[in-house]
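For reference, the structure discussed in these notes is given below.
Both counts, for ligands and for their atoms, begin at 1 and track the order of listing. Positions are given from 1, in the same order as the sequence printed here. Basis for what follows: all heavy atoms, side chains included, without hydrogens, waters or symmetry-related copies.
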Amino acid sequence: MPDSLRGRSSCVFTTIAAALLILAGTVFPLDAAAQLPAGRDVAEVCKNCHADRVETYLATKHGQKGNQRGPDCQTCHGDATEHVKAGGGRGVGGILGFNNKAIAADRKAAVCLSCHASNRHLAFWDSGRHRKNDVSCNNCHSLHGTPGLGSTIALNRPNPSVTPYQTTVRELQYETCVSCHKQIRSQLLKPSHHPIIEGRITCNDCHNPHGALSRAMVKSESIPQLCTTCHAEKRGPFIWGHPPVEENCLTCHNSHGSNHNRLLVEKAPNVCQDCHDARFHPGTVYDGSGGWNFIPPRNNVPNTRLIARGCVNCHSQVHGSNAPAMRGKFFLR
Ligand code: HEC
Ligand code: HEC
Ligand code: HEC
Ligand code: HEC
Ligand code: HEC
Ligand code: HEC
Ligand code: HEC
Ligand code: HEC
Ligand code: HEC
Ligand code: HEC
């Protein structure tokens, strides 16, 4: 296009844009916006160009009229006077765009923390792995609601969110998490897995995504404590306790998913033989001599210690037992 026409066409566009604004029912005269209205009324100015954003925002908990302590556009996006004067645009007028990668994650989080810092869930935000890796609040939370599933911001799934639409939406919270944590996603698809994709438990039943001092930001001080909040029957104390169970469930189990039954880290009987190998009968599992037989000569029936659940065929109470005498001591059924 020749230079002479360029100015003309942009002029035409401006005229068309202005005409469109009038057709759409301009809510607030832009030329009067040198002095932006205070508080929530500022939305009337923004509506001229961001009608969809205003609408989705007003439907959230933050935007609800009754929510007097909630924010207006400028508490989150900063002073918009210059932005409006200049006719808007990305990064124009020092506007704080949360999708603008040039703006530090901490600065974005600071906006939210100015109101939410005292929330007990956020007590360890500063020391959490997310903050330290430049993940910010808006990477998980959708601040403008997500009408329908076609969210324009892939990371922001409807739940968790401040959206009023969450009850009608099928997507589950874990989807937000696994959009970044791909390895965890693949663990969830293994044959044995915690029922997360089934929607029975969520990632934050076990983790505090806002940060925690514990290993892997889990919600409890120790692993057995975490697991027994749901699996209470494994808590004990038992008359006959099994030391590795009291110490750490993850010695034998994966937390997300596994190719072995019951979330086991390896196949039975290997999971037992890691520790019990040099002893009396356990040490004989792989000697090829067959059957369950304490006293030689051994017969040649298949070795019961290798069938199906392996050692657990007999030692079914591996998590601990209150049964009397030998049955209890050796975790037998
Ligand atoms: C509680 C904080 C908060 C409030 C209040 C808020 N926003 Fe936002 N806004 C965000 C966040 C976070 C994003 C980026 C994530 C998203 O798109 O949901 C965003 C995105 C936007 C975008 C798109 C930016 C882009 O990168 O394309 C516009 C435009 C916008 N907001 C305008 C508004 C207007 C207008 C209001 C007032 C009606 C408002 N916002 C109120 C937090 C807020
Ligand atoms: C005259 C039109 C106009 C008005 C009025 C206007 N904006 Fe914008 N704004 C824009 C345009 C154009 C963009 C660039 C958006 C895009 O490319 O999608 C933008 C971008 C933004 C962004 C994203 C900035 C970034 O760097 O990513 C935010 C946030 C925003 N506006 C907030 C507001 C708020 C809050 C108000 C009301 C106080 C407002 N705007 C009023 C036109 C306007
Ligand atoms: C001006 C103060 C203020 C700011 C800034 C603010 N919030 Fe809020 N937020 C509130 C209030 C008030 C509520 C409603 C709390 C209530 O009803 O108990 C709320 C509620 C929430 C909720 C819970 C919504 C629900 O459905 O229960 C989330 C999540 C949230 N805010 C996240 C954010 C994020 C992320 C940011 C930054 C982008 C942010 N907030 C910025 C005041 C604020
Ligand atoms: C890694 C993802 C993630 C990040 C990052 C994140 N959140 Fe959340 N947030 C969640 C999840 C998941 C929940 C739902 C927790 C629940 O239901 O117990 C939640 C819940 C909340 C709530 C409601 C808590 C309540 O009292 O019920 C607030 C407020 C909140 N987040 C604010 C923030 C703020 C502020 C930031 C940034 C400093 C932030 N979040 C960063 C995932 C995240
Ligand atoms: C925007 C991307 C992103 C999202 C979304 C996200 N995370 Fe993260 N997460 C990270 C990064 C980056 C790290 C730090 C690097 C790492 O350990 O992989 C991290 C670390 C973690 C850790 C600590 C790992 C460790 O070794 O200590 C846990 C646990 C975690 N995230 C859980 C969650 C949960 C639960 C959610 C959803 C509520 C979530 N994440 C959503 C990016 C994300
Ligand atoms: C049943 C409890 C539980 C659930 C549910 C759970 N996790 Fe974990 N997660 C753990 C435990 C325990 C660890 C610590 C593992 C370790 O230290 O070996 C962990 C570790 C992690 C780590 C650190 C990296 C790794 O593989 O060790 C990330 C990241 C993580 N989880 C993300 C998630 C995400 C995302 C979800 C939801 C899809 C989720 N977790 C659901 C218990 C759980
Ligand atoms: C929030 C509750 C919750 C927590 C915490 C929890 N689990 Fe589970 N776990 C479940 C549910 C629900 C099932 C599925 C039970 C069913 O299908 O009957 C399950 C199943 C299992 C199974 C059997 C899996 C299979 O394939 O049959 C094992 C093993 C297990 N959990 C171990 C653990 C360990 C180890 C921890 C700690 C890292 C833990 N759980 C923490 C809720 C939880
Ligand atoms: C020494 C290894 C070991 C340790 C440590 C261990 N488990 Fe297990 N667990 C097993 C084996 C083996 C099975 C499979 C039992 C079967 O096939 O009947 C199992 C099965 C389970 C099951 C599913 C079947 C059932 O009995 O309900 C749950 C739930 C479970 N374990 C939870 C836990 C929890 C919680 C902890 C920590 C407090 C823990 N386990 C520690 C070896 C272990
Ligand atoms: C991390 C190491 C470890 C693993 C893995 C382990 N155990 Fe143990 N087990 C121990 C320790 C330590 C004792 C206590 C030994 C003692 O008191 O002499 C014990 C005790 C026992 C006892 C009672 C023995 C006695 O003399 O009182 C039996 C039976 C047993 N384990 C079976 C199993 C089975 C079956 C498995 C696999 C599901 C298994 N163990 C996995 C460490 C382990
Ligand atoms: C067919 C049933 C059966 C199977 C299978 C079995 N055990 Fe045993 N186990 C027993 C009985 C019964 C005792 C008590 C023996 C005694 O009277 O000394 C015992 C004792 C033990 C002891 C304590 C005595 C010792 O030798 O230290 C350990 C440890 C043990 N078993 C581990 C295992 C392991 C590991 C496996 C799998 C490789 C396994 N058992 C498979 C029945 C079985």
Side-chain angles (χ1 to χ4, degrees), residues 14 17-18 21 26-28 30 33 36-37 40-58 60-63 70-103 108-109 111-112 114-116 136-146 151-153 155-156 161-163 242 268-286 291-294 303-316 318 326-327 329-333:
T14 317
L21 284 179
T26 308
V27 236
F28 192 95
L30 276 179
L36 291 179
R40 285 168 182 270
D41 294 341
V42 77
E44 297 301 315
V45 175
C46 315
K47 234 185 210 170
N48 282 296
C49 308
H50 300 297
D52 53 336
R53 287 292 179 171
V54 174
E55 191 195 326
T56 50
Y57 169 72
L58 290 178
T60 66
K61 250 197 185 163
H62 282 148
D72 62 56
C73 316
Q74 295 187 98
T75 18
C76 286
H77 292 294
D79 186 343
T81 314
E82 295 305 315
H83 176 75
V84 172
K85 260 193 206 154
R90 257 177 216 290
V92 170
I95 197 87
L96 197 165
F98 285 83
N99 296 321
N100 182 346
K101 295 221 167 67
I103 297 175
K108 295 170 187 164
V111 168
C112 315
S114 68
C115 291
H116 289 292
S136 198
C137 319
N138 58 297
N139 288 133
C140 293
H141 292 288
S142 171
L143 275 301
H144 280 271
T146 316
S151 165
T152 47
I153 295 111
L155 286 179
N156 291 334
S161 72
V162 292
T163 102
H242 195 187
N270 307 27
V271 72
C272 309
Q273 292 192 298
D274 282 349
C275 296
H276 299 287
D277 59 349
R279 297 285 197 81
F280 179 44
H281 77 264
T284 65
V285 163
Y286 289 127
W292 170 242
N293 201 336
F294 284 110
N303 190 318
T304 46
R305 279 167 261 159
L306 289 174
I307 297 170
R309 293 154 71 213
C311 319
V312 191
N313 280 322
C314 301
H315 299 285
S316 59
V318 275
M326 199 183 92
R327 243 177 75 217
K329 185 172 194 297
F330 298 121
F331 313 137
L332 299 168
R333 64 173 86 242

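No N or O atom of Asn138 sits closer than 3.5 Å to an N or O atom of ligand 1. Between Val42 and ligand 2, a contact under 3.5 Å exists for no N or O pair. Remark: ligand 1 and Thr75 share no N or O pair separated by less than 3.5 Å (distance only, no angle test). On a distance-only criterion, His315 and ligand 10 share at least one N/O pair closer than 3.5 Å.
Taking a cut-off of under 4.0 Å to the non-hydrogen atoms of Cys272, the atoms of ligand 10 that pass are 35 (C). Listed by atom number, the atoms of ligand 1 under 4.0 Å from His62 heavy atoms are 1 (C). Atoms of ligand 10 lying under 4.0 Å from at least one heavy atom of Cys314, given by number and element, are 1 (C), 2 (C), 3 (C), 4 (C), 5 (C), 42 (C), 43 (C).
Counting heavy atoms closer than 4.0 Å to ligand 1, residue Lys108 contributes nothing at all. In Pro269, the part holding a heavy atom less than 4.0 Å from any atom of ligand 10 is the side chain. Residue-level proximity to ligand 1 for Asp72 is carried by the backbone, the only part with a heavy atom below 4.0 angstrom. If you look at Cys46 next to ligand 1, the close heavy atoms, those under 4.0 Å, all belong to the side chain. Of the heavy atoms in Lys47, none comes closer than 4.0 Å to ligand 1.
Taking 2.8 Å as the criterion, Cys76 does not count as a coordinating residue of atom 8 (Fe) of ligand 1, since none of its N, O or S atoms falls below it. The distance from atom 8 (Fe) of ligand 2 to the nearest N/O/S atom of His50 is under 2.8 Å. Residue His77: an N/O/S atom is found under 2.8 Å from atom 8 (Fe) of ligand 1.
Considering only residues two or more places apart in sequence or on other chains, His242 meets the side chain to side chain contact (heavy atoms under 4.5 Å, CB included) condition with Pro244, Val245, His276, Val318, Phe331. Partners of Val271 by side chain to side chain contact (heavy atoms under 4.5 Å, CB included), not counting sequence neighbours, listed by chain and number: Cys252, Val265, Glu266.
At least one heavy atom of Leu96 sits closer than 4.0 Å to an atom of ligand 2. In this structure, Asn99 has no heavy atom closer than 4.0 Å to ligand 2. In this structure, Asn313 falls outside the shell of residues with a heavy atom less than 4.0 angstrom from ligand 10.
The option with the heavy atom closest to atom 39 (C) of ligand 2, from among Lys85, His83, Arg53, is His83. Closest to atom 12 (C) of ligand 2 by heavy atom, among Gly78, Cys49, Gly89, is Gly89.
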